[in-house]
Trainee: 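This is the structure, below, for whatever I ask next.
Atoms within a ligand are numbered from 1 in the order they appear, just like the ligands themselves.
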Amino acid sequence: MALIVQKYGGTSVGSPERIKAVAERVKRWKEKGNDVVVVVSAMSGETNRLTALMDEVNANGSNRERDVVLATGEQVTIGLLSMALAAVDCPAISYTGGQVKILTDNAYSKARIQEIDDKPIKKDLQAGKVVIVAGFQGVDEQGNITTLGRGGSDTTAVALAVALKADECQIYTDVDGVYTTDPRVVPEASHIPSLALEEMLEMASQGSKVLQIRAVEFAYKYDMPIRVLSSFDDDDNAKSTLVTREEDIMEKVMVRGIAFNRDEAQLTISGVPDKPGVAIKILEPISDANIEVDMIVQNIGSDKTTDFTFTVHRNDYQQAKQILEGVSESLNARECSGDDRIAKVSIVGVGMRSHAGVASKMFKALADEGINIRMISTSEIKVSVVIDEKYLELATRTLHEVFDMASGTSAT
Ligand code: ADP
Ligand code: ASP
Ligand code: MG
């Protein structure tokens, strides 16, 4: 007998029919003798609807109240799924994040899970019930409702799997696994049967939204394998992707996947003094405003001055630009500029560790298409470039072709 945590995303619970289909699947797993804990997202579109509603009432509402509203989406689906299970004679009980309880810090809208009380869940499982937990939400120490950031139900599922020492964490979604890149952008993308948690971590952090980054961080930290599958295929042995430890991956390819992100913006301050302490003078006020910086590039100085460029989330662009204009004055900089129509494309693969030349192959492919690279950053298993947003699809398709990914494995 195994303990399985299953997570169903928005489209998987997007209608009464889909919820009934989930109930049938959960019942099948239960009847095979497993203990089953289910995490659900809000019905597809619901979180966006709630966000729009709040923006209409008060776009500057407090983050605490925003989380109170956002968390309602998942409360609906846990109740509905529990009722759907009752209708097929499968005993179940639903819990909100606060009821479980999933304790988080108090960073509204991007709270981090700190602790999960596994005792009530274990008790219900022992009593033969399926336990349904609302994804994406928790409570802080004062009992305030918090949410975990968009896509956060993945993190609820992995964190529960870790807390309960589950045998498997299954993420059911609208694709039958992780592909070499987003199949909505490159229809020829190939299915990946298994990949390393490190690779998924880079892909998620570079923009592949199939799994929330924090979910992969949890899985990586606690060595919890994740299986990504489609809830639209009724065959329980259908194709899926196992995201697991690197040692367990048979085939190590050079480029496993291509991730992209259009949520960033670039800021440049030029002609700043080339002397110690300047980087901190530029970045401190940005971090004081709680704005996260992603890539940073500083040129080698000439004429005792240098240029400093960095990227932030597009939502933070205006605020960051304003801060930078203030800094620019105090540093006597020549110019302060920015662009919020940029995108980042990354190639990822553990095989890069042992292969030279992958970056130059990437740069040549982009050059051949006339795509200008604005910034570059690398890690052991990743190369990222910032380009004009208008070239994003072209760059992704080109790299997918150049690294021969449509055929299943990458070129060496
Ligand atoms: P859910 O609502 O189930 O959480 P998401 O929309 O968050 O589903 O994630 C699934 C989507 O992720 C897919 O429909 C797909 O468009 C997108 N996606 C992005 N990158 C990839 C990738 N490399 N492989 C598979 N899907 C991807
Ligand atoms: N409902 C939330 C969202 O749309 C959380 C999730 O689906 O994982 O982002
Ligand atoms: Mg998701």
Side-chain angles (χ1 to χ4, degrees), residues 6-15 18 22 38-52 66-67 69-78 97 109-111 113 133-138 146-160 170-195 199-216 226-232 239-241 243 255-263 345-349 392-393 396 399-400 405:
Q6 300 187 328
K7 177 256 170 176
Y8 293 91
T11 42
S12 304
V13 292
S15 66
R18 295 308 312 153
V22 168
V38 186
V39 174
V40 282
S41 293
M43 295 170 89
S44 53
E46 179 63 6
T47 310
N48 288 345
R49 189 186 73 84
L50 293 169
T51 304
R66 290 184 80 85
D67 277 3
V69 175
L70 284 177
T72 60
E74 274 71 10
Q75 189 169 334
V76 171
T77 43
I78 54 169
S109 84
K110 48 181 174 217
I113 297 178
V133 180
F136 176 58
Q137 55 176 264
T146 56
T147 66
L148 311 180
R150 297 305 302 266
S153 301
D154 296 336
T155 304
T156 308
V158 177
L160 269 171
Q170 303 176 339
I171 305 284
Y172 286 91
T173 182
D174 56 3
V175 270
D176 54 6
V178 179
Y179 279 68
T180 44
T181 192
D182 190 339
R184 285 187 214 200
V185 172
V186 182
E188 301 77 32
S190 344
H191 180 264
I192 306 174
S194 65
L195 76 161
E199 289 171 318
M200 194 64 234
L201 204 55
E202 283 284 15
M203 287 200 38
S205 76
Q206 298 309 321
S208 291
K209 291 186 177 127
V210 59
L211 288 174
Q212 201 204 31
I213 168 92
R214 284 189 183 165
V216 191
I226 304 177
R227 191 175 289 281
V228 181
L229 342 80
S230 167
S231 72
F232 291 79
K239 213 159 57 169
S240 65
T241 295
V243 191
V255 181
R256 180 72 75 185
I258 303 174
F260 53 83
N261 182 357
R262 45 176 114 234
D263 295 338
V345 183
S346 310
I347 55 174
V348 174
L392 177 62
E393 278 87 3
T396 307
L399 294 173
H400 201 266
M405 300 174 87

Trainee: Could you work out, for atom 7 (O) of ligand 1, the closest of Arg150, His191, Lys209, Gln212 by heavy-atom distance?
Mentor: Lys209
Trainee: Gly177: heavy atom below 4.0 Å from ligand 1, yes or no?
Mentor: yes
Trainee: Treating Ser230 as the side-chain partner and Phe232 as the backbone partner, does any N or O pair qualify as donor plus acceptor under 3.5 Å?
Mentor: yes
Trainee: Thr180 versus ligand 1: do any nitrogen or oxygen atoms come within less than 3.5 Å of each other?
Mentor: no
Trainee: Output yes when the distance from some N or O of ligand 2 to some N or O of Gly149 is under 3.5 Å, and no in every other case.
Mentor: no
Trainee: So is Gly135 touching ligand 2 or not, going by heavy atoms under 4.0 Å?
Mentor: no
Trainee: Is the contact between Glu74 and ligand 2 made by the side chain, the backbone, both, or neither, using heavy atoms and a 4.0 Å cut-off?
Mentor: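 Just the side chain.
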Trainee: Mind checking whether Val255 and His400 have side chains closer than 4.5 Å, heavy atoms only?
Mentor: no
Trainee: About how many Å separate CG of Asn261 and CG of Leu392, when rounded to the nearest 0.5 Å?
Mentor: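 If we round to the nearest 0.5 Å, Leu392:CG and Asn261:CG are 9.0 Å apart.
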Trainee: Where the side chain of Thr181 meets the backbone of Ile258, is there a donor-acceptor pair that is under 3.5 Å apart?
Mentor: yes
Trainee: Taking atom types as modelled and ignoring hydrogens, do the side chains of Thr147 and Asp67 form a donor-acceptor contact shorter than 3.5 angstrom?
Mentor: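 There is such a pair (donor and acceptor under 3.5 Å, judged by atom type) between the side chains of Thr147 and Asp67.
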Trainee: Say whether, by atom type as modelled, one donor and one acceptor occur between the side chain of Ser208 and the main chain of Ala259 under 3.5 angstrom.
Mentor: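 Pair absent, no side-chain N/O of Ser208 close to backbone of Ala259.
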Trainee: Atom 4 (O) of ligand 2: which protein heavy atom is closest, and how many Å away?
Mentor: Arg150 NH2, 2.9 Å
Trainee: List ligand 1 atoms under 4.0 Å from Tyr179, heavy atoms only on the residue side.
Mentor: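 Reading through ligand 1 atom by atom, the close ones are 22 (C), 23 (N), 24 (N), 25 (C).
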Trainee: To the nearest 0.5 Å, what is the distance between CD (Gln75) and CG (Leu70)?
Mentor: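 The CG atom of Leu70 is 13.0 Å from CD of Gln75, to the nearest 0.5 Å.
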Trainee: Looking at Tyr179, is Arg184 sitting on its ring face, NZ or CZ under 6.0 Å from the six-membered ring centre and within 45 degrees of the normal?
Mentor: no
Trainee: Mark yes or no for whether Ser240, through its side chain, and Gly177, through its backbone, hold a donor-acceptor pair below 3.5 Å.
Mentor: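 Checking the backbone N and O of Gly177 against the side chain of Ser240, no donor-acceptor pair under 3.5 Å is found.
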Trainee: As an exercise, identify every atom of ligand 1 less than 4.0 angstrom from a heavy atom of Thr173.
Mentor: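 So the answer, numbered in order with elements, is 1 (P), 3 (O), 8 (O), 9 (O), 10 (C).
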Trainee: Students should be able to answer this: which protein heavy-atom is nearest to atom 7 (O) of ligand 2, and at what distance?
Mentor: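 Protein heavy atom with the smallest distance to atom 7 (O) of ligand 2: Ser41 OG, 3.0 Å.
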Trainee: Return a yes/no value for Asp154: is any of its N or O atoms, backbone included, closer than 3.5 angstrom to an N or O of ligand 1?
Mentor: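 Among all N and O atoms of Asp154, none is under 3.5 Å from an N or O of ligand 1.
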Trainee: Check if Gly9 has a non-hydrogen atom at a distance under 4.0 Å from any atom of ligand 2.
Mentor: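 It does not, in that no heavy atom of Gly9 comes within the 4.0 Å cut-off of ligand 2.
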Trainee: In the protein, which heavy atom is nearest to atom 27 (C) of ligand 1, and how far is it?
Mentor: Val210 CB, 3.6 Å
Trainee: Would you kindly specify which portion of Lys7 sits under 4.0 Å from ligand 1, judged on non-hydrogen atoms: side chain, backbone, both or neither?
Mentor: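 Side chain only.
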Trainee: Tell me the nearest of Asp174, Asp182, Asp176 to atom 19 (C) of ligand 1, using heavy-atom distances.
Mentor: Asp182
Trainee: Answer yes or no for Pro183: is there a heavy-atom contact with ligand 1 below 4.0 Å?
Mentor: yes
Trainee: With heavy-atom distances below 4.0 Å as the criterion, list the atoms of ligand 1 near Gly10.
Mentor: 2 (O)
Trainee: Does Ser153, backbone or side chain, put an N or O under 3.5 Å from an N or O of ligand 2?
Mentor: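 In this structure, Ser153 places an N or O atom under 3.5 Å from an N or O of ligand 2.
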Trainee: Could you grab the distance from atom CG of Leu195 to atom CD of Glu202, nearest 0.5 Å is fine?
Mentor: 12.0 Å
Trainee: Taking the side chain as every heavy atom from C-beta outward, state whether Thr241 and His191 have any pair of such atoms under 4.5 Å apart.
Mentor: yes
Trainee: With rounding to the nearest 0.5 angstrom, report the NZ to CG distance, Lys239 to Leu229.
Mentor: 12.0 Å
Trainee: Considering only the protein, which heavy-atom contact is closest to atom 6 (O) of ligand 1, and what is its distance?
Mentor: Arg184 NH2, 4.5 Å
Trainee: Between Thr181 and ligand 1, find which residue part has any heavy-atom pair under 4.0 Å and reply side chain, backbone, both or neither.
Mentor: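 Answer for Thr181: backbone.
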